[in-house]
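To start, the structure under review is shown below, and the notes come after it.
Quick note on labels: first sequence line is chain A, next is B, and so on, each numbered from 1.
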Amino acid sequence: MLVILMNTQKPDDIANRIEILRDEIHAHNYRYHVLDAPTISDAEYDRLFQELKNLEAEHPEFQSLDSPTQRVGAAPKKEFPAVAHSIPMLSLDNAFSVDSAKDFDKRIRIRLKTEAFITYACEPKIDGLAVSLVYEQGRLISGVTRGDGVSGEQITENLRTISTIPLKLKPPFPDVLEVRGEVFMPKAGFKALNEKNALLGEKLFVNPRNAAAGSLRQLDSSITAKRPLSFFAYGIARMEGFSQRFSTHSENMQALKKWGFPVCAENRVVEGIEACLTYYEQLQAKREQLPFEIDGVVYKVDNIELQQQLGFVSRAPRWAIAHKFAAEEAFSELLGIEFQVGRTGTLTPVARLKPVFVGGATISNATLHNMDEIQRKDVRVGDTVVVRRAGDVIPEVASVVLEKRPSQTTHIAMPKHCPICHSDVIREKEEAAYRCMGGLFCAAQQKEAILHFSARRAMDIDGLGIKIVDQLVDKKIIQTVADLYTLSVEQLAGLERLGKKSAENLVDALAKSKETTFARFLFSLGIREVGEATAHNLANHFSDLQTLIKADELELQQITDIGPIVAAHIYYFFRQPHNLEVIQGLLKAGIHWQAPQSKSVSNSPLFGATFVLTGTLNALSREEAKEQLIALGAKISEAVSKKTSYVVVGDSPGSKLTKAQSLGVPILDQTQLLALLEHAKQAQSQ
DNA sequence: TTGCCTCGAGATCA
DNA sequence: CTCGAGGCAA
């Protein structure tokens with residue numbers, strides 16, 4: 001009946017009906033998923049949903065991305081594009097004890113010069129994945145993972161399928177809103193999912209967090225749609241075009257609620273750190289009963305003006321801290337100790353444990369760091385030990401259960417000779433570390449050096465993993481990184497799990513790697529204390545390799561961030577005949593790089609970057625901005641495209657801003673531009 | 001450090 | 001079907 005009626009309707013009426021249905025379904029979704037208080041039966045809901053689906057199918061011209069029907073997932077993607085966050089996603093400082101939580105409060109009061117109680121917003125720290133959601137004109141247009149904090153992966157399609165994430169905001173809303181929050185899988189959903197998977201004979205997820213992470217990484221969002229994911233908003237990163245301003249974090253959260261976001265019901269606002277600690281106790285007591293997993297609580301200074309006064313320390317705000325619950329612990333047995341030989345020959349003791357499930361993962365290895373650590377804890381092979389996941393992830397042997405010590409235990413001693421190459425093991429004075437003196441004659445060091453050389457950030461040789469390197473070195477086919485370039489398809493194809501095709505790919509990858517940069521090459525050599533940053537500094541300072549090789553320690557120390565120790569390492573490296581031989585071999589194999597062009601410009605971090613300016617600039621004139629950018633090697637372009645590196649936004653920006661946001665191009669305000677210019681000039685002058 | 005996903009390719013069996 | 005590599009998150 002309904003359908004027949006509709007077919008006779010005019011397009012305007014259909015569009016209206018679709019709009020009404022969408023709004024109604026959005027509202028029911030919100031009441032059901034966020035408020036947990038549905039006002040219609042499931043059957044009625046299904047009927048509305050079906051009607052909308054039918055209408056959309058009959059009239060594809062009215063299809064829209066923010067329709068609730070889109071939650072079922074879109075077509076599989078090839079990959080997730082990388083997108084820069086317009087505001088970095090910072091991490092939180094951790095407090096692992098009541099004392100360090102109190103220190104946090106003390107620091108704040110000293111900085112703010114106040115004796116008064118600080119008002120804190122307290123929230124559970126949900127164990128999930130942080131994401132950033134961008135809304136324009138009230139519509140969800142982008143959702144991005146945290147990534148390294150500066151840029152993450154765009155997973156908008158997957159996030160759309162999460163029923164508690166609003167696709168449309170409830171008015172009145174700001175023109176632009178960027179919301180930060182946590183995606184997680186509720187305990188009940190996790191259990192149900194695993195029960196279903198068990199029945200189907202599919203793989204089980206080990207914990208809710210990993211299940212959530214895995215679900216978001218699906219290229220096919222229709223799979224994500226079937227996973228019981230949920231979301232809590234915990235902050236506003238950006239808000240533009242809104243009449244109201246909020247002065248506290250808790251008001252922000254109220255506003256988020258009004259716009260339709262789920263906000264955790266356990267959030268509280270309290271006075272003073274003691275009240276925070278009480279909140280912590282209370283939450284810990286009901287941790288088991290909570291429908292989702294948490295690993296601590298977060299305290300945030302509620303007043304936004306105070307937050308701004310406090311500012312940031314490197315990658316974390318000074319005004320917030322995560323107070324973690326004590327790490328879960330479990331008993332295990334120390335089966336043995338293995339000494340791992342690193343790239344520089346350092347011997348690290350690693351505990352082999354009877355596998356034990358703790359903190360959401362099965363632990364069978366744990367580093368013991370060094371011999372001092374072993375002695376302090378008096379760990380012996382055969383002991384029963386307490387194992388936990390310290391900090392966030394790294395497993396550690398917390399202590400020994402002396403009462404359970406068997407009569408037969410083996411003391412742990414640093415071997416006198418390298419377990420791999422049998423060279424002498426020597427402790428350098430003033431150092432905790434013991435080193436194998438075998439240098440590059442030690443197979444372990446050879447392997448590590450080769451793996452480092454071929455790593456992505458180094459020479460980027462695809463397809464050369466640990467298993468292949470193991471075979472190549474063990475069979476004495478290669479010893480040094482230079483030997484890599486002598487490998488032939490025939491030699492490689494005989495190896496385990498490496499057929500003709502893989503061998504060809506690897507030889508291709510090797511050939512491709514010959515074209516590189518000076519900085520990459522220097523980093524690849526694996527000189528002690530020379531990481532990516534130092535390699536760049538060296539490459540910028542020295543015009544060619546020969547000059548660097550000849551440089552003495554004093555000259556090396558002239559370079560930024562290179563002191564006497566690093567200078568000595570570099571100097572020593574280039575005095576080893578063996579190292580020079582390897583370098584000769586590499587150059588002979590055809591490794592080459594472009595000599596830096598005009599030095600001052602190519603030094604600039606902005607070299608080759610493309611900028612687009614929009615809106616009125618008042619920090620400096622548009623001409624000045626252009627001039628400075630060009631002087632730093634950047635290009636200015638008029639139109640925003642995928643190739644644009646940054647869009648600089650002044651007052652009352654035009655459509656370029658919207659374009660930039662839809663393409664995920666990083667956006668700078670004037671302050672950020674000034675900071676970037678400053679930074680670039682400094683880097684250039686080095 | 002572990003767990004997860006994806007891809008390409010090798011191994012295995014029909 | 002299984003494995004290795006590579007990327008990502010906490």
Residue-phosphate contact under 4.0 Å: A:Asn365 side-chain N/O, B:dT2 OP1/OP2: yes

Of the listed nucleotides B:dG3, C:dA9, C:dA5, the one nearest the side chain of A:Asn210: B:dG3

Quick note, A:Leu219 side chain, CB onward, closest among B:dC4, C:dA5, B:dT6 is B:dT6

Excluding sequence neighbours, so at least two apart, what forms salt bridge (charged side-chain N to carboxylate O under 4.0 Å, His left out) with A:Lys476? none

Given C:dA5, C:dA10, B:dC4, the nucleotide with the shortest approach to the side chain of A:Lys467: C:dA5

N/O donor-acceptor pair under 3.5 Å between A:Asn194 side chain and A:Lys191 backbone: no

Return the value, rounded to whole Å, for the distance between atom CD of A:Glu504 and atom P of B:dG8. 16 Å

How many Å lie between CD on A:Gln154 and P on C:dC8, as a whole number? 15 Å

Pair pattern of DNA chain C in dot-bracket, where unpaired bases get dots and | marks partners in another strand, Watson-Crick or G-U under 3.5 angstrom: ||||||||||

Think A:Ser364 has a side-chain N or O under 4.0 angstrom from the OP1 or OP2 of B:dT2? yes

With heavy atoms under 4.0 Å as the rule, sort A:Thr362 into base, sugar-phosphate or nothing. sugar-phosphate

For the residue pair A:Tyr135 and A:Phe261, categorise the inter-ring angle as parallel (less than 30°), tilted (30 to 60°) or perpendicular (more than 60°). perpendicular

Atom pair distance, as rounded to whole Å: CG in A:Leu472 and P in C:dA5: 11 Å

So, A:His85 side chain and A:Arg146 main chain: donor-acceptor pair closer than 3.5 Å or not? yes

Could you tell me whether the phosphate oxygens of B:dG8, OP1 or OP2, come under 4.0 Å of any side-chain nitrogen or oxygen in A:Ser502? no

Can you tell me which nucleotide in B:dC4, C:dA9, B:dT2 comes closest to the side chain of A:Glu153? C:dA9

Assign each of A:Pro395 and A:Lys501 the nucleotide of DNA chain B bearing its closest heavy atom; nearer the 5' end lies the nucleotide of A:Pro395

Of the candidates C:dG7, B:dG3, B:dC4, the side chain of A:Arg456 sits closest to C:dG7

For A:Leu290, does its backbone N or O pair with a side-chain atom of A:Lys187 as donor and acceptor, under 3.5 Å? yes

Considering only side-chain heavy atoms of A:Arg146, which listed nucleotide, C:dA5, B:dG3, C:dA10, is closest? C:dA10

d(CE, A:Met185; C1', C:dA10) in whole Å: 16 Å

Indicate, with a heavy-atom threshold strictly under 4.0 Å, whether A:Gly152 touches base, sugar-phosphate, or nothing. nothing

Between C:dG7 (C1') and A:Glu79 (CD): distance, integer Å: 12 Å

Check every strand shown and say whether A:Thr145 touches a base, only sugar-phosphate, or nothing at a heavy-atom separation below 4.0 Å. sugar-phosphate

Do side-chain atoms of A:Asn370 reach the backbone of A:Ala433 as a donor and acceptor pair under 3.5 angstrom? no

Can you figure out which of C:dG6, C:dA10, B:dC4 approaches the side chain of A:Leu129 most closely? C:dA10

For atom CG of A:Asn94 and atom P of C:dA10, their distance in whole Å: 13 Å

Check whether any side-chain N or O of A:Gln218 sits under 4.0 Å from OP1 or OP2 of B:dT6, and answer yes or no. yes

With heavy atoms under 4.0 Å as the rule, sort A:Ala213 into base, sugar-phosphate or nothing. nothing

So how far is it from A:Arg209 CZ to A:Leu129 CG, rounded to the nearest 0.5 Å? 5.5 Å

Walking DNA chain B from its 5' end, the first of A:Leu495 and A:Gly360 to be reached, judged by nearest nucleotide, is A:Gly360

Walk me through whether A:Thr480 and A:Leu440 qualify under side-chain contact (heavy atoms from CB on, under 4.5 Å). CA-CA 8 Å; A:Thr480 71; A:Leu440 289 171; over 6 Å; no

Given C:dA5, C:dT2, C:dA10, the nucleotide with the shortest approach to the side chain of A:Arg497: C:dT2

Nucleotide nearest A:Asn505 when distance is taken to its side chain, options C:dC8, B:dG8, B:dT2: B:dG8

Rounded to whole Å, NZ of A:Lys500 lies from P of B:dA9 at a distance of 13 Å

Whole-Å gap separating P (C:dC8) and CG (A:Asn158): 15 Å

Taking any heavy-atom pair under 4.0 Å as a contact, classify A:Ala211: base, sugar-phosphate, or nothing. nothing

Give a yes or no on whether the backbone of A:Leu335 and the side-chain of A:Arg352 come within a donor-acceptor separation of less than 3.5 Å. no

Under 4.0 Å, heavy atoms only, any strand: does A:Ile468 hit a base, just the sugar-phosphate, or nothing? sugar-phosphate

